[in-house]
Undergrad: 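Starting off with a structure, shown below.
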Amino acid sequence: MPMSCHKLILALCLAVTTPLVSVTSALAADQEPAQKVVKSPKAAPIVGLETASELKNRFRIDHMVDNMTLLVEREYGSAPVVIVLPDGSKWYANRHPETVKWVDGITGDIIYIESPMPGPWQLVGKVVPGSTLKKLSKLEIEVQPLPQPIFQGEQVKIVAQLMGDAQRIRMPGLDFLVEWTAHFVSKHRAGDENFAAGDIIVGSYKDNGEDYDEKPDDGVFTSNINIKQPWGDYEFVVQARNNVFERQISFPFRLSPRPINLEVITPDDPLTGQWKIMLHVDSAVLQLAETHFSFELVGPAGLQLPLTVNGLTEPDSELDLPTVTEFGSYRIKGFVATTTITGREIVLDLPELFFNLIQPPEPPPSAEELAAVAAQKAAEEEELAKKDAMFWIITINTILLVLGVVGLIVWRKRQSLAQALAAAESRLLEEASANSAAAPSLDEIDLTMPDEADKDR
């Protein structure tokens with residue numbers, strides 16, 4: 001259904017017993033059919049299509065319906081629809097019974113309902129005009145198997161589809177409503193490189209028109225699986241799920257070692273010699289004449305040089321690299337387009353190669369250069385010794401001069417102090433002598449007591 005029509009798909013799962021449905025896969029002719037992960041129990045008679053009718057956003061559910069799944073297409077960016085039950089009650093995306101599972105996106109809703117109420121139902125919302133109603137008895141996924149043999153680093157396009165009654169379900173925005181996950185589960189076989197790898201999540205499936213996906217919203221989901229994993233036997237497990245349903249399918253496969261090995265050949269003289277890449281191709285697996293290499297040499301100063309090899313004549317070939325002169329690290333990355341012996345055309349990502357161009361050390365000096373260096377060093381040391389001696393002479397003389405000046409000043413001050421003290425002592429002696437001459441002697445002092453008569457008077 002083209003995206004421009006913006007059609008409404010209301011998918012009603014009318015299985016009377018349980019919502020679990022089978023999961024099927026279309027396997028390659030040379031492989032055994034994949035086992036169904038979940039098998040349907042024996043279903044009761046399905047309600048005939050004529051018992052349900054639609055009128056715009058309305059539809060009727062018969063009393064024999066045990067469960068149903070609605071796929072509602074809305075206008076882009078509109079709010080989730082509101083479901084009006086026959087009794088007039090309403091369900092919302094964020095408010096509904098626990099038996100109801102609801103997933104809403106920017107372009108639609110997926111709603112699973114257990115034991116729906118018989119009678120007329122109605123959807124309220126910006127449902128795309130002119131929509132139709134489809135009734136589905138089962139919901140399953142189809143996954144394209146991995147080709148065999150498949151090699152490490154192979155660029156592979158694998159598709160999957162969400163199916164209803166063997167018809168591909170298309171709905172704008174379905175890519176946002178269903179989450180796909182791809183796993184490689186190691187079988188832990190001794191001798192395999194993946195012996196202890198365990199469960200590896202290797203990618204997902206998208207219907208967005210990017211990478212390997214051809215067209216958005218066409219119902220064909222395309223993988224972006226990372227095949228750069230350890231080689232060995234795996235179980236390929238694909239899961240599609242959301243809050244409403246979960247489907248899973250798995251089948252065995254073997255990831256084979258990359259049939260091409262590369263190595264860098266270092267020349268005897270890295271500066272002047274020719275750097276090369278040795279290409280080892282397993283001619284028992286690949287056709288040499290249809291094996292084409294594309295490389296890119298990345299180096300210092302923004303170096304980016306393309307290298308190509310179109311067709312081979314020998315399993316072991318050498319590829320000359322351009323002359324490199326800049327010192328530093330170099331990286332070689334690329335891919336190979338080839339054809340297997342069985343006629344399958346494949347593209348392999350090649351492991352990156354690295355090498356370094358290191359600047360050689362300077363040659364040792366000659367005897368004359370060593371003698372000149374020694375003489376220069378001796379002259380510098382002698383000059384330094386002279387400067388040191390002159391420095392210490394000047395420093396010591398300066399210190400002695402300063403000490404002499406300080407000593408002279410101290411001596412002069414002490415002499416001045418001694419003279420001052422002597423003069424002061426002489427003056428004090430003279431003053432003492434003068435004072436003693438002016439004072440009366442003891443003989444001149446009257447030491448007699450006055451008479452009592454005098455006292456009475």
Side-chain angles (χ1 to χ4, degrees), residues 264 266-275 296-305 321-333 352-457:
V264 175
T266 304
D268 296 334
D269 185 356
L271 295 179
T272 59
Q274 183 69 53
W275 290 82
E296 184 179 28
L297 176 63
V298 181
L303 176 67
Q304 288 183 327
L305 295 176
L321 296 178
T323 303
V324 293
T325 56
E326 295 288 337
F327 298 113
S329 298
Y330 290 83
R331 178 166 56 101
I332 304 170
K333 58 182 181 179
E352 293 188 353
L353 302 176
F354 301 89
F355 68 91
N356 296 317
L357 186 61
I358 301 175
Q359 185 174 3
E362 296 293 336
S366 63
E368 291 79 5
E369 292 175 340
L370 291 175
V373 171
Q376 178 68 22
K377 185 176 181 180
E380 292 176 355
E381 291 177 352
E382 183 179 358
E383 182 67 22
L384 181 60
K386 289 180 179 180
K387 290 181 179 180
D388 290 343
M390 186 62 67
F391 170 77
W392 286 112
I393 291 173
I394 294 174
T395 302
I396 292 172
N397 288 336
T398 302
I399 293 174
L400 292 176
L401 178 60
V402 172
L403 292 176
V405 172
V406 172
L408 179 60
I409 293 173
V410 172
W411 181 78
R412 291 287 301 272
K413 287 189 175 182
R414 292 187 66 179
Q415 290 293 325
S416 299
L417 181 59
Q419 292 176 1
L421 290 175
E425 185 179 0
S426 177
R427 187 172 56 255
L428 289 174
L429 291 174
E430 290 177 357
E431 290 178 357
S433 299
N435 290 335
S436 62
S441 64
L442 293 176
D443 295 337
E444 296 176 354
I445 298 175
D446 185 7
L447 297 178
T448 61
M449 297 294 294
D451 294 336
E452 291 183 0
D454 295 336
K455 183 179 179 182
D456 293 337
R457 290 196 301 261

Undergrad: For Gly328 and Pro300, work out which heavy atoms get closest and say how close.
TA: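 Looking at all heavy atoms of both residues, the closest pair is CA-CG, 3.9 Å.
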Undergrad: Enumerate donor-acceptor pairs with a distance under 3.5 Å from any side-chain N or O in residues 413-424 to protein atoms, sequence neighbours excluded.
TA:
{"unit_1": "Ser416", "atom_1": "OG", "unit_2": "Arg412", "atom_2": "O", "d": "3.0"}

Undergrad: Could you work out, with side-chain contact (heavy atoms from CB on, under 4.5 Å) as the rule, every residue matching Ile358, not counting sequence neighbours?
TA: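 For Ile358 the side-chain contact (heavy atoms from CB on, under 4.5 Å) partners, ignoring immediate neighbours, are Asn356.
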Undergrad: Only counting residues at least two apart or in another chain, list the ones meeting side-chain hydrogen bond (donor to acceptor under 3.5 Å, both in side chains) with Gln274.
TA: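 Counting only residues at least two positions away or on another chain, Gln274 forms no side-chain hydrogen bond (donor to acceptor under 3.5 Å, both in side chains).
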Undergrad: Residues two or more places apart in sequence or in another chain: which of them pass ring-ring contact (aromatic ring centres under 6.0 Å, His included) with Tyr330?
TA: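 For Tyr330 the ring-ring contact (aromatic ring centres under 6.0 Å, His included) partners, ignoring immediate neighbours, are Phe355.
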Undergrad: Can you name the side-chain hydrogen bond (donor to acceptor under 3.5 Å, both in side chains) partners of Glu380, sequence neighbours left out?
TA: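 Per chain and number, Glu380 pairs via side-chain hydrogen bond (donor to acceptor under 3.5 Å, both in side chains) with Gln376.
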Undergrad: Under a 3.5 Å distance rule, please check whether Trp275 uses its side chain to pair with a backbone N or O of Pro270 as donor and acceptor.
TA: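 Here the side-chain-to-backbone pair exists.
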Undergrad: State which residues pass side-chain contact (heavy atoms from CB on, under 4.5 Å) with Val373; sequence neighbours excluded, sorted by chain then number.
TA: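 For Val373 there are no side-chain contact (heavy atoms from CB on, under 4.5 Å) partners, ignoring immediate neighbours.
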Undergrad: Can you name the side-chain hydrogen bond (donor to acceptor under 3.5 Å, both in side chains) partners of Thr272, sequence neighbours left out?
TA: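 Per chain and number, Thr272 pairs via side-chain hydrogen bond (donor to acceptor under 3.5 Å, both in side chains) with Asp269.
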Undergrad: Give me each pair satisfying salt bridge (charged side-chain N to carboxylate O under 4.0 Å, His left out) with a member in residues 382-406, each pair once, sequence neighbours excluded.
TA: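 Sorted result for residues 382-406: Glu382-Lys386.
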Undergrad: By side-chain contact (heavy atoms from CB on, under 4.5 Å), which residues pair with Glu431, not counting sequence neighbours?
TA: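 Listed in chain order: Arg427, Leu428.
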Undergrad: Specify the closest pair of heavy atoms between Arg331 and Phe354, including all atoms of both residues, with the distance to one decimal.
TA: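 So the two residues come closest at CD-CE2, 3.3 Å.
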Undergrad: Using a 3.5 Å cut-off and no angle test, enumerate the donor-acceptor pairs between side-chain atoms of residues 392-405 and protein atoms at least two apart in sequence or in another chain.
TA:
{"unit_1": "Thr395", "atom_1": "OG1", "unit_2": "Phe391", "atom_2": "O", "d": "2.6"}
{"unit_1": "Asn397", "atom_1": "ND2", "unit_2": "Ile393", "atom_2": "O", "d": "3.3"}
{"unit_1": "Thr398", "atom_1": "OG1", "unit_2": "Ile394", "atom_2": "O", "d": "2.6"}

Undergrad: Could you list the residues that satisfy side-chain hydrogen bond (donor to acceptor under 3.5 Å, both in side chains) with Thr266, not counting sequence neighbours?
TA: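 Thr266: no side-chain hydrogen bond (donor to acceptor under 3.5 Å, both in side chains) contacts found.
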Undergrad: With sequence neighbours excluded, what pairs up with Asp268 under the side-chain contact (heavy atoms from CB on, under 4.5 Å) test?
TA: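 side-chain contact (heavy atoms from CB on, under 4.5 Å) check on Asp268 returns nothing, list empty.
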Undergrad: Provide the closest heavy-atom pair for Leu357 versus Glu326 in the form atom of the first, atom of the second, distance.
TA: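 Residues Leu357 and Glu326, closest heavy atoms: CD2-O, 3.4 Å.
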